[in-house]
**Student:** 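Structure below; questions to follow.
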Amino acid sequence: MEMNNKLPLKFFQKDVHSTARNLLGKYFVRKIKGKILSGKIVEVEAYHKNNDESSHSFNGKTKRNEIMFWGGGYLYIYFTYGMHFCANVVTGKLNEGAAILLRSLEPIEGLDIMAMNRYNKSIINEIEKRNLTNGPAKICRAFDIKRNENGTLLTGDKIFILNAPKISSNNIEVTTRIGIKKSIDLPWRYYIKDNPFVSKK
DNA sequence: CCACGGATTGGCT
DNA sequence: GCCAATCCGTGGA
């Protein structure tokens, strides 16, 4: 895959909803130990400090969520349920408190390494491939992303996002978000219509 | 200091 | 479909 078309900082420094839509179809990439892991972004959710009680940033800045206030272009990693990590792309301006949760990827490169990270074996069947990165915690497990990666700048050379053609609105499905108990009616989940790697319809 | 529960997953029924 | 696993951020005393 061509590696010279990284998304620039200004891509991330815009409105969280347009950026969420724009992230669909792009390639999330991690270089680790000389290898490339990558996946096409097929499902995301927007979170924002304002009017969104489910957002980690809703009650203001804390040590845990401070990356959400650093402005667009950083990776915000949080730990949940005592065993899982999830990855967010921070968007907008300084102190805006906006981020996009990566909910599902279509695995593209480094499937053998992802399979080791997820299943402790390098050869997998079609069902296992389907389940490799189709959930927010599965993505972090497959890409070996943990607390260390919190605050990583996405324009660096370790973790970044490659540009790809924009997905047209016709091909984007918009729904309420999954797995939350507050602000459950906000239609802030975006996914690529008919992509088999989307976590849930 | 302590209690609560979560932007989840996978295994078992 | 249901539920256990397992940590730590958060908020109240």
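None of these values were measured; they are calculated from a predicted model. Naming convention: chains lettered A, B, ... in sequence-line order (proteins, then strands); numbering from 1 in each chain. Note that these values count all heavy atoms, side chains included, but never hydrogens, waters or copies made by symmetry.
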**Student:** Let me know the distance between CG of A:Asn65 and C1' of C:dT10, rounded to the nearest Å.
**Tutor:**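 Result: 11 Å.
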**Student:** What is the distance from CD1 of A:Ile77 to C1' of B:dA7, rounded to the nearest Å?
**Tutor:** 13 Å
**Student:** Are any non-hydrogen side-chain atoms of A:His84 and A:Pro136 less than 4.5 angstrom apart?
**Tutor:** no
**Student:** Is C:dT6 paired to anything, Watson-Crick or G-U wobble with both distances less than 3.5 Å, and if yes, which nucleotide?
**Tutor:** none
**Student:** A:Ile159 pairs by side chain to side chain contact (heavy atoms under 4.5 Å, CB included) with which of A:Val29, A:Leu153, A:Leu154, A:Ile32?
**Tutor:**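 Going through the options one by one, the only one that passes is A:Leu154.
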**Student:** Using atom NZ of A:Lys182 as one end and atom P of B:dG6 as the other, report the distance to the nearest whole Å.
**Tutor:** 7 Å
**Student:** Which of these nucleotides, C:dC8, C:dT10, B:dA7, is closest to any side-chain atom of A:Ser55?
**Tutor:** B:dA7
**Student:** Can you find a heavy atom in the side chain of A:Ile167 that is under 4.5 Å from one in the side chain of A:Lys193?
**Tutor:**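 Not in contact.
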**Student:** Counting only Watson-Crick pairs (N1-N3 plus N6-O4 or O6-N4) and G-U wobbles (N1-O2, O6-N3), all under 3.5 Å, who is the partner of B:dA7?
**Tutor:**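 The answer is none; no pair meets the criterion.
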**Student:** Output yes when A:Lys33 and A:Asp144 qualify as a salt bridge under the 4.0 Å nitrogen-oxygen rule, no when they do not.
**Tutor:**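 Looking at A:Asp144 together with A:Lys33, the answer is no, because their closest N to O distance does not fall below 4.0 Å.
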**Student:** Could you check how far CD of A:Glu66 sits from P of C:dG9, rounded to whole Å?
**Tutor:**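 Going from A:Glu66 (CD) to C:dG9 (P), I get 12 Å.
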**Student:** Nearest whole angstrom, please: distance from the C1' of C:dT10 to the NZ of A:Lys61.
**Tutor:** 17 Å
**Student:** Out of the candidates A:Phe79, A:Tyr76, A:Tyr78, A:Phe143, only one should pair with A:Phe85 under the ring-ring contact (aromatic ring centres under 6.0 Å, His included) rule; please name it.
**Tutor:**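 Of A:Phe79, A:Tyr76, A:Tyr78, A:Phe143, ring-ring contact (aromatic ring centres under 6.0 Å, His included) with A:Phe85 is met by A:Phe79 alone.
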**Student:** Within this structure, what is the CZ-to-P distance between A:Arg177 and B:dG6, rounded to whole angstrom?
**Tutor:** 15 Å
**Student:** Quick one: does any side-chain atom of A:Thr133 pair with a main-chain N or O of A:Leu105 as donor and acceptor, under 3.5 Å?
**Tutor:** yes
**Student:** For nucleotides C:dC3 and B:dG5, find the distance between their C1' atoms and express it as a whole number of Å.
**Tutor:** 15 Å
**Student:** Would you mind reading off the distance between A:Leu186 atom CG and B:dA7 atom C1', rounded to a whole angstrom?
**Tutor:** 13 Å
**Student:** I want to check one thing: is the phosphate of C:dG11, taken as OP1 and OP2, less than 4.0 Å away from some side-chain N or O of A:Asn59?
**Tutor:**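 The answer is yes; a side-chain N or O of A:Asn59 sits under 4.0 Å from OP1 or OP2.
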**Student:** If you compare every side-chain N and O of A:His56 against the phosphate oxygens of B:dA7 (OP1, OP2), does one of them come in below 4.0 Å?
**Tutor:**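 For A:His56, the contact criterion (side-chain N or O under 4.0 Å from OP1 or OP2 of B:dA7) is met.
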**Student:** Say you pick atom C1' in C:dC8 and the same atom in B:dG10; how far apart are they, in whole Å?
**Tutor:** 22 Å
**Student:** May I have the distance from A:Phe58 (atom CZ) to B:dG6 (atom P), rounded to whole angstrom?
**Tutor:** 16 Å
**Student:** Reckon A:Arg64 touches a base, only the sugar-phosphate, or nothing at all at heavy-atom distances under 4.0 Å?
**Tutor:**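 It contacts sugar-phosphate atoms only.
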**Student:** Measure the CD-CG distance between A:Glu96 and A:Asp15 for me, rounded to the nearest 0.5 Å.
**Tutor:** 7.5 Å
**Student:** Protein within reach of the bases, or only the backbone? For nucleotides 8-13 of chain B, mark each nucleotide 5' to 3' as B, S or -, using heavy atoms under 4.0 Å.
**Tutor:** BSS---
